[in-house]
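Structure first, then comments.
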Amino acid sequence: MLIAEDEETMPVLEICKRIVQIVATCIGLAVIVIGLYYAVDVFRLILSMLKSPALLAGPIQELADSFGGRAFEIKLPDRTIPLANLIALVVYCCGALAAAFLTMALMQTGAKIVSLTAGDRIAVKQMLQDAFGRRMRPREQPDDSRGVRRG
């Protein structure tokens with residue numbers, strides 16, 4: 001095959017760079033989707049805990065039994081306080097909170113990967129302006145250090 005004189009050829013290094021960018025962007029998008037899946041899972045767990053707390057009785061009791069159970073009970077003259085269940089509930093809720101933070105961090109990492117690899121920010125801005133209309137105006141920059149804007 002002959003290449004025309006006016007046709008520009010891309011160097012092999014540039015082609016490899018673009019392929020790596022595309023693969024990295026796809027990995028970033030996959031990380032976002034995985035984080036979104038687990039975030040929905042965690043929030044579904046939190047919602048089910050709020051709707052029916054009785055569902056937690058079994059897992060909380062098993063967790064309390066696993067680290068001592070009755071050894072942590074506080075005996076008062078009129079009643080007994082199961083402190084192991086309270087500790088188990090705190091551990092369970094902290095685990096759910098940690099899982100929520102980890103999934104959000106996972107989604108943020110995926111977004112940063114996509115942001116770093118998708119290099120044409122001006123094209124993205126133009127696409128967003130076309131999609132949302134001209135109502136979305138760019139912010140004005142202050143002229144000097146006093147924050148005075150030109151109108």
Side-chain angles (χ1 to χ4, degrees), residues 1-69 72 82-151:
M1 226 196 308
L2 296 174
I3 299 175
E5 298 264 339
D6 58 340
E7 203 177 300
E8 291 185 28
T9 60
M10 292 178 69
V12 175
L13 192 60
E14 186 68 27
I15 293 172
C16 291
K17 180 183 168 189
R18 287 194 181 186
I19 290 173
V20 168
Q21 282 180 338
I22 290 170
V23 169
T25 302
C26 290
I27 289 172
L29 290 173
V31 168
I32 291 172
V33 169
I34 290 169
L36 183 64
Y37 174 78
Y38 286 119
V40 167
D41 225 19
V42 168
F43 287 114
R44 191 176 302 138
L45 170 71
I46 292 170
L47 185 64
S48 70
M49 286 187 332
L50 293 174
K51 278 187 173 179
S52 58
L55 292 175
L56 286 178
I60 296 296
Q61 188 61 45
E62 288 177 20
L63 189 59
D65 291 340
S66 71
F67 59 82
F72 290 103
L83 194 59
N85 288 354
L86 181 63
I87 294 170
L89 181 64
V90 168
V91 168
Y92 195 78
C93 289
C94 286
L97 185 64
F101 278 123
L102 287 174
T103 57
M104 294 300 167
L106 190 64
M107 289 171 43
Q108 183 180 10
T109 302
K112 283 186 180 184
I113 291 171
V114 170
S115 173
L116 290 173
T117 56
D120 200 3
R121 294 176 186 210
I122 296 171
V124 171
K125 259 187 195 176
Q126 185 65 37
M127 184 178 66
L128 288 174
Q129 282 181 346
D130 289 344
F132 295 112
R134 295 292 170 193
R135 295 181 311 228
M136 195 175 92
R137 287 180 280 171
R139 294 182 187 161
E140 294 179 15
Q141 297 296 324
D143 287 341
D144 59 348
S145 61
R146 291 178 296 195
V148 177
R149 293 183 183 181
R150 286 188 178 170

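Just so it is clear, the structure is predicted and the values come from calculations on it, not from any experiment. Basis for what follows: all heavy atoms, side chains included, without hydrogens, waters or symmetry-related copies.
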**Study point:** N/O donor-acceptor pair under 3.5 Å between Thr109 side chain and Ala105 backbone
**Key:** yes
Review point. Can you tell if the side chain of Val23 reaches within under 4.5 Å of the side chain of Val20, non-hydrogen atoms only?
Key: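 The answer is no, as the side chains (C-beta and beyond) never meet within the 4.5 Å cut-off.
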Looking only at heavy atoms, what is the nearest atom pair of [X] and [Y], with distance?
X: Ser66; Y: Leu63; value: OG-O, 2.6 Å
X: Val42; Y: Ala100; value: CG1-CB, 3.7 Å
X: Ile32; Y: Val114; value: CD1-CG2, 4.3 Å
X: Leu89; Y: Ile60; value: CA-CD1, 3.6 Å
X: Ala88; Y: Ala64; value: CB-N, 3.7 Å
X: Thr103; Y: Gly35; value: CB-O, 3.8 Å

Check your understanding: Step by step, would you call Gln61 with Asn85 a side-chain contact (heavy atoms from CB on, under 4.5 Å)?
Key -> CA-CA 6 Å; Gln61 188 61 45; Asn85 288 354; 3.5 Å; yes
Point to revise | Atom pair CG (Leu102) and CE (Met104), whose distance is rounded to the nearest 0.5 Å | key: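 With rounding to 0.5 Å, CG (Leu102) is 11.0 Å from CE (Met104).
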Exercise for review: Output the distance between atom CG (Leu116) and atom CD (Gln21), rounded to the nearest 0.5 Å.
Suggested key: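 One gets 10.5 Å once the value is rounded to the nearest 0.5 Å.
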Exercise for review: Report the C-alpha distance between Asp41 and Arg44 in whole Å, list the side-chain angles of each, state the deciding distance to 0.1 Å, and finish with yes or no for side-chain contact (heavy atoms from CB on, under 4.5 Å).
Suggested key: CA-CA 5 Å; Asp41 225 19; Arg44 191 176 302 138; 3.6 Å; yes
Practice item. Apply side-chain contact (heavy atoms from CB on, under 4.5 Å) to the pair Leu106 and Tyr37, showing each step before the final yes or no. Key: CA-CA 11 Å; Leu106 190 64; Tyr37 174 78; over 6 Å; no
Review point. Just wondering, are more than 12 heavy atoms of other shown residues or ligands nearer than 6.0 Å to CG in Leu50?
Key: yes
Practice item. Take Leu36 and Val33 through the side-chain contact (heavy atoms from CB on, under 4.5 Å) test and state the conclusion after the steps. Key: CA-CA 5 Å; Leu36 183 64; Val33 169; 5.5 Å; no
